[in-house]
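A short write-up of the structure that comes next.
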Amino acid sequence: MTETTGISQNPILAVIAAYNEDRFIGSVVLKTQHYVDQVIVVDDGSTDGTAQIAEQAGAIVLRHDRNRGKAQALNTGLGHARRLQPRAVVLLDADGQHDPAAIPALLAPVCDGSADIVVGSRFLGVPSNIPRWRVFGQRALTAATNLASGMPLSDSQSGFRALSPKAVERMVFRPDGGFSIESEMQFLAHEHKLVIREIPVVVRYDEPPKRNPFGHGWQVLNGIITLVSQHRPLFFFGVPGVIILALGLALGIEVVNRYEAHAQLAVGYALISVFLSLVGIQTIFTGIILHTIRAFLADSRASWGPD
Ligand SMILES: Nc1nc2c(ncn2[C@@H]2O[C@H](COP(=O)(O)OP(=O)(O)OP(=O)(O)O)[C@@H](O)[C@H]2O)c(=O)[nH]1
Ligand SMILES: [Mg+2]
């Protein structure tokens with residue numbers, strides 16, 4: 001038994017980040033409790049009755065004094081979960097879009113040790129009532145995350161997931177990560193060589209979107225760009241560097257061809273060619289240096305940190 005909760009050792013936990021979800025949180029907690037040992041709700045500075053209702057429904061409620069965003073809410077929730085040494089953690093949304101009845105299927109690969117992260121995918125052949133334009137946005141963000149992280153999934157933006165203890169240990173998000181945390185998980189999984197599997201889930205889209213979807217999409221995309229610059233600097237700097245260098249060299253070849261044809265040096269083109277080539281080389285080297293520093297830091301962390 002763990003002293004803090006009175007629940008059996010290595011419990012299965014659910015962590016739910018909630019912001020002003022008093023219409024749904026009660027039923028989400030009650031339904032989720034059927035499938036896990038304990039539900040943890042992180043109330044992120046809600047101004048409605050979210051915290052009280054979640055507590056009455058039987059959840060452990062952790063409260064932020066003000067709205068800090070989903071990334072910090074999940075850091076708080078997973079931090080608490082870690083102290084309870086769970087054998088698995090389920091993440092789901094507080095607004096009733098995820099069906100808790102899918103939790104056993106989501107947990108199965110984690111509990112049998114075949115996956116560290118199981119993602120409930122909306123795009124594996126089981127249709128949900130998702131508006132088409134939202135599917136387009138979700139697929140675009142998935143394509144960007146897959147390309148940037150180097151780890152392909154059919155649905156990178158699903159918040160319905162199960163995590164193994166190893167994944168729970170590794171999932172510490174950038175505090176300003178906001179709604180790009182699902183993408184960040186993909187980067188962290190790639191970096192820490194975690195095994196990800198997907199299973200099909202059905203989600204409900206009965207309500208209109210709560211936030212401007214374009215603003216939301218832009219925020220996630222911005223997050224992905226920051227993530228790729230931090231997690232994969234060689235890719236982030238190397239690809240544009242090679243393109244700029246190739247442009248510079250192509251222009252250089254053109255300058256040489258013109259000189260051979262007209263015995264006259266195209267000074268302007270020659271200067272642009274040299275400039276582009278230098279910028280390209282500089283950018284590639286920036287990527288190589290940052291990549292090397294990152295690898296060095298990762299090595300020293302690995303030799304000092306847990307496994
Ligand atoms: N901690 C925290 N959680 C939030 C915040 N905004 C939303 N959430 C929670 O994050 C989950 C997903 O947020 P939603 O607003 O439903 O995002 P979505 O599902 O992509 O968009 P919708 O289709 O509009 O529902 C829900 O459980 C929300 O309560 C926030 O500012 N902080
Ligand atoms: Mg939602």
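Both counts, for ligands and for their atoms, begin at 1 and track the order of listing. Hydrogens, waters and symmetry mates are skipped; everything else that's a heavy atom, side chains included, is used. Just so you know, these numbers come straight off a predicted model, no measurement behind them.
Between E55 and R63 there is no salt bridge, since none of the side-chain N atoms of the basic residue sits less than 4.0 Å from a carboxylate O of the acidic one. Under the 4.0 Å criterion applied to side-chain N and carboxylate O atoms, R68 and D44 are not assigned as salt-bridge partners. Looking at E198 and R161, no side-chain N of the basic residue comes within less than 4.0 Å of a carboxylate O on the acidic one, giving no salt bridge.
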Contacts table for ligand 1: protein N or O within a distance under 3.5 Å of ligand N or O, distances only.
| residue | atom | partner | partner atom | Å |
| --- | --- | --- | --- | --- |
| ligand 1 | 1 (N) | D44 | OD2 | 3.0 |
| ligand 1 | 15 (O) | K210 | NZ | 3.4 |
| ligand 1 | 15 (O) | R211 | NH2 | 2.4 |
| ligand 1 | 16 (O) | D95 | OD2 | 2.6 |
| ligand 1 | 16 (O) | K210 | NZ | 2.6 |
| ligand 1 | 17 (O) | R211 | NH2 | 2.8 |
| ligand 1 | 19 (O) | Q97 | OE1 | 2.9 |
| ligand 1 | 23 (O) | Q97 | NE2 | 3.2 |
| ligand 1 | 23 (O) | R134 | NH1 | 2.6 |
| ligand 1 | 23 (O) | R134 | NH2 | 3.1 |
| ligand 1 | 24 (O) | K210 | N | 3.1 |
| ligand 1 | 25 (O) | D95 | OD2 | 3.0 |
| ligand 1 | 25 (O) | Q97 | OE1 | 3.2 |
| ligand 1 | 25 (O) | Q97 | NE2 | 3.2 |
| ligand 1 | 25 (O) | K210 | NZ | 2.8 |
| ligand 1 | 27 (O) | A17 | O | 2.9 |
| ligand 1 | 27 (O) | A94 | N | 2.6 |
| ligand 1 | 29 (O) | Y19 | N | 3.2 |
| ligand 1 | 29 (O) | E21 | OE2 | 2.6 |
| ligand 1 | 31 (O) | N67 | ND2 | 3.0 |
| ligand 1 | 32 (N) | D44 | OD2 | 2.5 |

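Residue D116 forms a side-chain contact (heavy atoms from CB on, under 4.5 Å) with just one option from V168, I196, V195, and that option is V195. With respect to E191, the salt bridge (Lys or Arg N to Asp or Glu O under 4.0 Å) criterion is satisfied by exactly one of R294, R232, R170: R294.
M151 approaches L194 most closely through the heavy-atom pair CE-O, 3.7 Å. Q33 and A57 get closest at one heavy-atom pair: NE2-O, 3.0 Å. A pairwise comparison of heavy atoms in V118 and V110 identifies CG2-CG2, 3.7 Å as the closest pair.
The distance cut-off of 2.8 Å around the Mg ion (ligand 2) captures these protein N, O or S atoms, sorted by chain and number: D95 OD2, Q97 OE1.
Side-chain N or O atoms of S121 include one that pairs as donor or acceptor with a backbone N or O of F123 at under 3.5 Å.
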